[in-house]
Protein chains: 2
Amino acid sequence: MKLPGKTVERLSKYRRTLLECLNEKRNFIYSHDLAARIHITAVQVRRDLMLIGYSSVLRKGYDVRELIDTISKIIDSEESIHVAVIGIGNLGRAVAGYFKGKRSKLNLVASFDNDPQKINKVISGVKCYPYNDIERMIKELDIRIAILTVPLDSAKEITEEMVRYGIKGILNFTTIPLNVPSGVYLEEYDMITSIEKVAYFVKENKI
Amino acid sequence: MKLPGKTVERLSKYRRTLLECLNEKRNFIYSHDLAARIHITAVQVRRDLMLIGYSSVLRKGYDVRELIDTISKIIDSEESIHVAVIGIGNLGRAVAGYFKGKRSKLNLVASFDNDPQKINKVISGVKCYPYNDIERMIKELDIRIAILTVPLDSAKEITEEMVRYGIKGILNFTTIPLNVPSGVYLEEYDMITSIEKVAYFVKENKI
DNA sequence: GTAACAATGTTAATAAAATAACAATAATCA
DNA sequence: TGATTATTGTTATTTTATTAACATTGTTAC
């Protein structure tokens, strides 16, 4: 099944929201309640759920547990996926922190950095290896996804290396636009651009 | 002028790329060169530039300096805009780091946190104030934009407070969906969702 | 039991974004 | 000079994403 990227993003948010519902002992939820919690429309929720082929049995809304399972079957893999953070500075540590104590199919198994102070230490819950070990560790730990939080000047080189050694997905937080061969999925997020966008629309609102 | 959000994002990237060109002593650039550097198409570049009403005089490509100025006139404000980072943990420090040593219309003027270890210290180049001072400091320092990197449980409350005290733009890095009145511009970025999206498309590629 | 209601799933319409097509024009070169 | 090429600016087309419309079907109220 080939879902639109935007739908996948929302599925991730639906699942998180539904898990909160479980915590609140809510076992059923209406499309408009789910929508309201993430500030979108009920139609969008229903359309997304249609795309993944989920339907409520009752008219009491969606079965929270069931929907969590359905979404998980779609966006999760069967087996655990190994993730690494490349560059364990402030941003890298922030990202690593998100994985701490979370049970999910995505497992952070390593970080990489070249700072001697960091190498071989456990930082934010994960052991740090030198960049030189990337090839070996990708293979040894079966790392599939890399989260790139390195300084600008090393981004391109490290990416090429990782791609060569079989990484399948990259989330690029640097401001360097990357180029990857087909077969490797690349997602980029540029913080500066986001901030400048906010500034632009703040300015426009005012006028 | 009311530009599409996507165009604004690209303008930010164009400008950064053009500044790199200046560093390389390149004074003119073709649409397809500019496009290649950020891995989009030349048509998209030309279309965006059409929207902002910029045209090259010569057929030697765009005048780098001139285009930087044109873009800056569109996305920058006349005066300096004051920004604050709310929550100066790892992510907050990463964001603050981006501002360090940069000359731009966006100035990071404060951070806020409740950790006594941080309060009144200069962290990542910016002084940290307690949350209790938010009202006072927004007014005193004329803070217009807030970058929200706080723990989940305080996100909603602090946002409401900031909105009340006149913040005009929020970049929300927490996974809590926020609600702001019209007149306040909100941009949200959810790291977890991005990672899960990468995982999904890695899985789909494989099949 | 049935009328009124509330919620869903799906198709249709609209809006937004990206891509393609192409005329216009400067530069190059035979 | 005149043909060819390269590049732009703009309009048209296609694709993608969102929103609206609506028939269907449990549920509730009487």
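Letters go in sequence order (proteins before strands), and every chain restarts at 1.
- Here chain A contacts DNA chain D (any atom closer than 4.0 Å to a heavy atom, that is under 4.0 Å), and the contacts span D:dA17 to D:dT28 from 5' to 3'.
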Counting only pairs under 3.5 Å, give me each side-chain donor-acceptor contact of residues 191-201 of chain A, with atom names and distances, residues two or more places apart or in other chains.
residue: A:Thr193; atom: OG1; partner: A:Asp190; partner atom: OD2; Å: 3.3
residue: A:Thr193; atom: OG1; partner: B:Ser12; partner atom: OG; Å: 3.0
residue: A:Ser194; atom: OG; partner: A:Tyr189; partner atom: OH; Å: 2.7
residue: A:Glu196; atom: OE1; partner: B:Ser12; partner atom: OG; Å: 2.8
residue: A:Glu196; atom: OE1; partner: B:Arg15; partner atom: NH2; Å: 3.4
residue: A:Glu196; atom: OE2; partner: B:Arg15; partner atom: NH2; Å: 3.0
residue: A:Lys197; atom: NZ; partner: B:Glu9; partner atom: OE2; Å: 2.8
residue: A:Lys197; atom: NZ; partner: B:Glu187; partner atom: OE1; Å: 3.3
residue: A:Lys197; atom: NZ; partner: B:Glu187; partner atom: OE2; Å: 3.4
residue: A:Tyr200; atom: OH; partner: B:Met1; partner atom: O; Å: 3.0
residue: A:Tyr200; atom: OH; partner: B:Leu3; partner atom: N; Å: 3.2

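- A:Leu51 places its CG atom 12 Å from the P atom of C:dG9, with the value rounded to the nearest Å.
- Annotation for B:Ala42 and B:Ala35: closest pair N-CB, 3.5 Å, computed over non-hydrogen atoms.
- Listed by chain and number, the residues in a ring pair (Phe, Tyr, Trp, His ring centres under 6.0 Å) with B:Tyr98 amount to none (sequence neighbours excluded).
- Note on the helix from C:dG1-D:dC30 to C:dA30-D:dT1: terminal axis deviation equals 10°, with five pairs used at each end and the result rounded to 10°.
- Atom NZ of B:Lys25 sits in a sparse spot, with 12 or fewer heavy atoms from other residues, nucleotides or ligands closer than 6.0 Å.
- Nearest heavy-atom pair across A:Gly92 and A:Thr149 is CA-OG1, 3.4 Å.
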Set out, line by line, the N/O atom pairs under 3.5 Å between protein and nucleotides 22-27 of chain C.
none

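- When the side-chain hydrogen bond (donor to acceptor under 3.5 Å, both in side chains) test is applied to B:Glu135, the partners found at least two apart in sequence or on another chain are B:Lys139, B:Tyr165.
- By the side-chain hydrogen bond (donor to acceptor under 3.5 Å, both in side chains) test, B:Asp33 pairs with B:Arg26, sequence neighbours left out.
- With sequence neighbours excluded, the residues that form a side-chain hydrogen bond (donor to acceptor under 3.5 Å, both in side chains) with B:Thr174 are B:Asn172.
- Residues A:Arg37 and A:Cys21 meet the side-chain proximity criterion, which asks for heavy atoms closer than 4.5 Å.
- Shown here is B:Glu20, whose CD atom has more than 12 heavy atoms of other residues, nucleotides or ligands within 6.0 Å.
- Here the side chains of B:Phe99 and B:Val126 are not in contact, with every heavy-atom distance at 4.5 Å or above.
- In this structure the side chain of A:Lys6 reaches within 4.5 angstrom of the side chain of A:Arg10, judged on heavy atoms.
- Listed by chain and residue number, nothing satisfies the side-chain hydrogen bond (donor to acceptor under 3.5 Å, both in side chains) test with B:Glu78 (two or more places apart in sequence, or in another chain).
- Applying the ring-ring contact (aromatic ring centres under 6.0 Å, His included) rule to pairs touching residues 60-92 of chain B yields B:Tyr54-B:Tyr62, sequence neighbours excluded.
- Residue A:Cys128 comes nearest to A:Phe112 through the heavy atom pair SG-C, 4.1 Å, listed as atom of the first residue, atom of the second, then distance.
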Fill in the blank from the handout: Reading nucleotides 12-19 of chain C from 5' to 3' and marking B where a protein heavy atom lies under 4.0 Å of the base, S where only the sugar-phosphate is that close, and - otherwise, the string is B----SSB
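- Within a heavy-atom distance below 4.0 Å of DNA chain D, no residue of residues 17-40 of chain A is found.
- In this structure, A:Tyr54 atom OH and C:dT10 atom C1' are separated by 17 Å, rounded to whole Å.
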